[in-house]
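Working notes, beginning with the structure itself.
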Amino acid sequence: MERIKMTTPLVEMDGDEMTRILWKMIKDELLLPYIDLKTEYYDLGLEHRNETDDKVTMDSAEATKKYGVAVKCATITPNAARMTEYNLKEMWKSPNGTIRAALDGTVFRAPIIVKGIEPCVKNWEKPITLARHAYGDVYKNTEIKVPGAGKAELVFTAQDGTQIRETIHNFDGPGIIQGIHNTDRSITSFAKACFNYALDTKQDLWFATKDTISKKYDHNFKDIFQDIYEKEYEDKFKAAGIEYFYTLIDDAVARVMKAKGGFIWACKNYDGDVMSDMVSSAFGSLAMMTSVLVSPSGVYEYEAAHGTVQRHYYKHLKGEETSTNSVATIFAWTGALRKRGELDGNKELMQFSDKLEKATVQTIESGKMTKDLALITSLKNVTVLNSENFIKAVRETFDSLWYVM
Ligand code: NAP
Ligand code: MG
């Protein structure tokens with residue numbers, strides 16, 4: 001059979017440690033035999049980031065803007081220990097942060113559902129996709145530990161010198177204060193990314209804040225979403241048969257627990273931080289979570305939600321066997337290839353992505369899986385495979401689906 005041709009390259013961002021090992025195995029076993037893979041390759045491995053003074057990360061983000069679709073391997077975010085381990089010139093910033101800032105994106109995370117790995121919440125039949133606003137609020141705060149009695153004020157000084165002043169509190173003893181902000185521009189990008197992603201995936205969009213208590217701050221989020229929805233998206237949503245639903249955050253939490261799933265839940269920064277960990281743990285495993293960064297201009301970057309699995313990599317280096325789950329990384333590739341296929345009108349590439357995902361799920365449902373899943377599955381007769389043999393098992397399932405077309 002001839003390999004599938006591609007017209008436009010994908011931006012390929014290679015990464016670090018165990019996921020870098022999986023990356024190559026996935027390409028060799030699951031992609032290159034079937035696709036005449038066209039990628040523009042950027043090595044975001046820490047050594048190469050260090051050699052290029054992190055220029056490679058910026059270049060890969062620029063290439064993503066140019067081509068529209070990227071696939072990224074997990075990368076190390078350097079800390080003090082990594083400075084010595086890799087003999088770094090500088091403690092380079094998180095590549096994900098750099099790419100997110102360059103693309104002005106929102107991150108969407110969705111669990112990969114397989115039979116035998118049941119969510120803790122019994123009524124969740126379909127995935128719940130979490131969209132987290134990744135700018136501002138408590139993550140860019142200013143805090144003061146108030147030493148004793150005194151008056152705390154909130155002051156805004158405009159460029160022309162005029163001021164807006166509000167009393168926060170008249171302290172009669174020690175306490176704490178905090179200043180946070182957000183911008184209409186960032187909230188607008190967040191809203192558009194959510195509306196676009198809902199249309200793209202044909203799922204309802206939920207959004208919630210605490211606007212009854214925060215009558216200006218949270219209310220501003222609610223108003224911007226509503227305004228953009230009415231002006232730009234209402235007709236499109238109706239045509240697609242999907243709904244935009246706003247409620248209070250506490251009501252949303254209660255409804256999510258009773259829901260069947262199959263929708264996108266947009267969250268402010270802190271809510272998204274907390275709720276995405278809750279949702280992903282309830283669905284079973286971080287290694288079964290996809291993650292895609294979507295920019296308001298319609299640029300997509302696909303990756304796995306987990307890190308570089310350092311502990312497994314050190315075992316691998318010692319020549320010991322590993323059983324690292326490659327599912328989220330496989331789905332990063334299929335997500336990116338499907339999007340490339342959609343944008344280029346390449347049906348074969350889209351079909352390939354669908355089948356590879358199906359083969360991955362079927363392999364696990366047949367009882368062949370990595371150790372992390374074996375520990376939580378309800379399936380009986382499980383075969384625990386090592387990193388490489390799991391990928392080979394997926395290939396076998398894939399061949400049985402692909403060559404009967
Ligand atoms: P991690 O790589 O997500 O791994 C944490 C633990 O979760 C692992 O030790 C492993 O548990 C389990 N795990 C995660 N992914 C797995 C998989 N695919 N298969 C099986 N088990 C899996 O997080 P970390 O160890 O905290 O971080 C390691 C490096 O990744 C850090 O340098 C960090 O900066 C980076 N990181 C990158 C990204 C990204 O690029 N998007 C995200 C997060 C972290 P057991 O050891 O118990 O088996
Ligand atoms: Mg968190």
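Counting starts at 1 for both ligands and their atoms, in listed order.
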| note | Which of T322, D372, T19, T324 passes side chain to side chain donor-acceptor pair (under 3.5 Å) with H312? Answer is T324
| For atom 6 (C) of ligand 1, is some protein heavy-atom partner under 4.0 Å away? | no
| message | As an exercise, identify every atom of ligand 1 less than 4.0 angstrom from a heavy atom of K72. | response | 40 (O)
| query | Which residue owns the protein heavy atom closest to atom 34 (O) of ligand 1, what's the atom, and how far is it? | reply | T77 N, 3.0 Å
| field | Residue portion contacting ligand 1 (non-hydrogen atoms closer than 4.0 Å) for N96 | value | side chain
| Salt-bridge present (K358, D354; N to O < 4.0 Å) | no
| query | Which residue supplies the protein heavy atom nearest to atom 35 (C) of ligand 1, what is that atom called, and how far is it? | reply | T75 O, 3.4 Å
| field | Heavy-atom closest pair, residues A208 and D271 | value | O-OD2, 4.4 Å
| message | Between E40 and R340 (salt bridge meaning N to carboxylate O under 4.0 Å), is one present in this structure? | response | no
| message | Taking the basic N atoms (NZ, or NE/NH1/NH2) and the acidic carboxylate oxygens, is any pair closer than 4.0 Å for K66 and E62? | response | no
| note | When F156, Y135, Y217 are each screened for ring-ring contact (aromatic ring centres under 6.0 Å, His included) with H181, the one that passes is Y135
| For atom 18 (N) of ligand 1, is the nearest protein heavy atom under 4.0 Å away? | yes
| message | Can you report which non-hydrogen protein atom sits closest to atom 12 (C) of ligand 1, along with the distance? | response | V309 CG1, 4.6 Å
| K236 NZ/CZ over Y233 ring centroid, <6.0 Å and within 45° of normal | yes
| request: State, to 0.1 Å, how close S387 and L22 come at their nearest heavy-atom pair, and which atoms those are. | output: CB-CD2, 4.0 Å
| request: Answer yes or no for atom 29 (C) of ligand 1: protein heavy atom present at a distance under 4.0 Å? | output: yes
| What about T308: any of its N or O atoms under 3.5 Å from an N or O on ligand 1? | yes
| message | Against the six-membered ring of Y302, is K339 placed for a cation-pi contact (under 6.0 Å from the centre, within 45° of the normal)? | response | no
| task | For atom 45 (P) of ligand 1, state whether the nearest protein heavy atom is under 4.0 Å away. | result | yes
| task | Would you mind checking which non-hydrogen protein atom is closest to atom 38 (C) of ligand 1, with the distance to 0.1 Å? | result | G307 CA, 3.7 Å
| note | Smallest heavy-atom separation, D137 atom then K268 atom, equals OD2-CE, 3.4 Å
| Which atoms of ligand 1 have any heavy atom of T324 under 4.0 Å away? | 17 (C), 18 (N), 19 (N)
| field | Axial cation check for Y139 ring with R132, 6.0 Å and 45° limits | value | yes
| Does ligand 1 have any atom sitting under 4.0 Å from a heavy atom of H312? | yes
| field | Protein contact of atom 25 (O) of ligand 1 - nearest heavy atom, named by residue and atom, plus distance | value | Q310 N, 4.4 Å
| request: Return yes when at least one protein heavy atom is under 4.0 Å from atom 42 (C) of ligand 1, and no when none is. | output: yes
| Among protein heavy atoms, which lies nearest atom 31 (C) of ligand 1, and at what distance? | R82 NH2, 3.9 Å
| field | Closest protein heavy atom (residue, atom, distance) for atom 47 (O) of ligand 1 | value | R311 NH2, 3.8 Å
| request: Look at atom 14 (C) of ligand 1 and say which protein heavy atom is nearest, naming residue and atom and giving the distance to 0.1 Å. | output: H306 CB, 4.0 Å
| message | Within ligand 1, which atoms have a heavy atom of A74 less than 4.0 Å away? | response | 40 (O)
| message | Could you tell me if the side chain of W92 sits less than 4.5 Å from the side chain of D53, heavy atoms only? | response | yes
